[in-house]
Protein chains: 2
Amino acid sequence: MTEIAKTSEPHQRTRGDHATETAEDYVEAIADILESQEACRVTDLAKRFAVSHVTVHRIIRRLQDEGLVVTKPYQPIHLPPKGKRLAARCRERHTIVYRFLLAIGVDEATAAIDAEGMEHHVSAATLARFRELAGPG
Amino acid sequence: MTEIAKTSEPHQRTRGDHATETAEDYVEAIADILESQEACRVTDLAKRFAVSHVTVHRIIRRLQDEGLVVTKPYQPIHLPPKGKRLAARCRERHTIVYRFLLAIGVDEATAAIDAEGMEHHVSAATLARFRELAGPG
DNA sequence: TCGCGATTGTAGCATTTGCTACAGTTGCGT
DNA sequence: ACGCAACTGTAGCAAATGCTACAATCGCGA
Ligand SMILES: [Mn+2]
Ligand SMILES: [Mn+2]
Ligand SMILES: [Mn+2]
Ligand SMILES: [Mn+2]
């Protein structure tokens, strides 16, 4: 039989991507912040994402339940090994998407914006092509 | 002063993209379906997106409130001019993203999946570069 | 015409992510 | 030592999107 792609499959994948997107952006942001300052606090993330501290607080609690971050009441936020690994993977992917956009001639500001959304929907296969075309880091 | 990109701007843009994503995918799907059959019904969309008919029903009602689709109780779904225009724009963008992925060597199944998610985060500037690199249709 | 299967609609629930308002905690400077 | 400002946490709300269960409607074949 001819290969009829199930029309629902891309949409199911996209929904799945969105379900993990918040976790990815948060651990990546925490890793970033911890490289430029000694502690990552709820307010740092609230500024970074331009959302209220309440939204950040609730999401951090959920990520802690999932084992991706560690924190205690009134204490800064840390990344356990599981969170560090995810952050490293996401940063790598994010960087490749960003550098790829630059490589094809997109300006830096636009590349930064588009990469932030696109990264979560780039499969391993596409990322491999992006990496080749992005050239040396 | 040096141009320090506001770190929150990419995230704000991504949230905005997600807010319009459902409308875009729905009108695009309705236009697609109306090209291969005479009527588009709630069940057609439920199959296409692999969600329950209830989810589709509610979203269609909201899109009708926004003037993007037209329907009446127990009747098929139509696209008014506003919906047709959005559908055409989205399909064009979707096609370019898909063809661009093929052009850089991604296989068809993967390109279909990645394009479905990526399309909503591709700016006009990036789309222009994709169009060039995708080659003749 | 009538009835049954398919379709559409409604009720009610869960989760995620956004918000404001308010309350509790911390720690720094005086 | 203490008081105030910043930070953190809680309460309660809204909107979007997912679900199941059930009810109503439609239309086609017998
Ligand atoms: Mn992102
Ligand atoms: Mn996204
Ligand atoms: Mn899409
Ligand atoms: Mn997306």
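Sequence lines set the chain letters: A, B, ... in the order given, protein chains first and strands last, and positions in each chain run from 1.
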Quick one: closest heavy-atom pair of B/A111 and B/L102, and the distance?
CB-CD2, 3.9 Å

Side chains of B/Y98 and B/E116: closer than 4.5 Å at any heavy-atom pair?
no

Any side-chain heavy atom of A/E21 within less than 4.5 Å of one from B/T14?
yes

Sorted by number, residues from residues 25-40 of chain B placing a heavy atom under 4.0 Å from DNA chain C are none

Which residues, if any, of residues 57-69 of chain A bring a heavy atom under 4.0 Å of DNA chain C?
A/R58, A/I59, A/R62

Not counting sequence neighbours, which residues clear side chain to side chain contact (heavy atoms under 4.5 Å, CB included) with [X]? List them please.
X     : value
B/T95 : B/R91, B/R99
A/A50 : B/S8, B/Q12, B/R15
B/I30 : B/L34, B/C40, B/L45, B/I60, B/V69, B/I77, B/L79

Tell me: [atom1] of [X] to [atom2] of [N], nearest whole Å?
X     : N      : atom1 : atom2 : result
A/D17 : D/dT17 : CG    : P     : 17 Å
A/K72 : C/dT26 : NZ    : C1'   : 15 Å
B/I77 : C/dT8  : CD1   : C1'   : 10 Å
A/H18 : D/dG18 : NE2   : P     : 11 Å
A/D44 : D/dA6  : CG    : C1'   : 12 Å
A/L45 : C/dT17 : CG    : C1'   : 15 Å

Under-3.5 Å N/O pairs linking protein and nucleotides 21-26 of chain D:
unit_1	atom_1	unit_2	atom_2	d
D/dT25	O4'	B/Y74	OH	3.1

Show each protein N/O and nucleotides 2-5 of chain D N/O combination with a separation under 3.5 Å, one pair to a line.
none

Could you pull out every donor-acceptor pair under 3.5 Å between side chains of residues 125-137 of chain A and any protein atom, sequence neighbours left out?
unit_1	atom_1	unit_2	atom_2	d
A/T126	OG1	A/S123	OG	3.3
A/T126	OG1	B/D114	OD2	2.5
A/R129	NE	A/E132	OE1	3.2
A/R129	NH1	B/I104	O	2.8
A/R129	NH1	B/G105	O	3.4
A/R129	NH2	A/E132	OE1	2.8
A/R131	NH2	A/E92	OE2	3.0

Residue pairs fulfilling ring pair (Phe, Tyr, Trp, His ring centres under 6.0 Å) with at least one residue in residues 35-66 of chain B, sequence neighbours excluded
A/H11-B/F49, B/Y26-B/F49

Got a sec, which pairs hit ring pair (Phe, Tyr, Trp, His ring centres under 6.0 Å) with one end in residues 58-94 of chain B, sequence neighbours left out?
none

My understanding is that only residues two or more places apart in sequence, or in another chain, count here; which of them pass side chain to side chain donor-acceptor pair (under 3.5 Å) with A/T20?
none

Among residues at least two apart in sequence or on other chains, which ones pass side chain to side chain donor-acceptor pair (under 3.5 Å) with A/Q64?
none

According to a strict under-4.0 Å criterion, is A/T22 in side-chain N/O contact with OP1 or OP2 of C/dT16?
no

Is there a donor in the side chain of A/T110 and an acceptor in the side chain of A/D107, or the other way round, less than 3.5 Å apart?
yes

Looking at A/H18 versus B/H18, is the centre-to-centre ring distance below 6.0 Å?
yes

With DNA chain D as reference, determine whether A/R41 or B/S52 sits nearer its 5' end, using the nearest nucleotide of each.
A/R41

Checking B/D44 side chain against B/R41 main chain: does a donor-acceptor pair fall under 3.5 Å?
yes

Touch check for A/T43, heavy atoms < 4.0 angstrom, all strands: base, sugar-phosphate only, or nothing?
sugar-phosphate

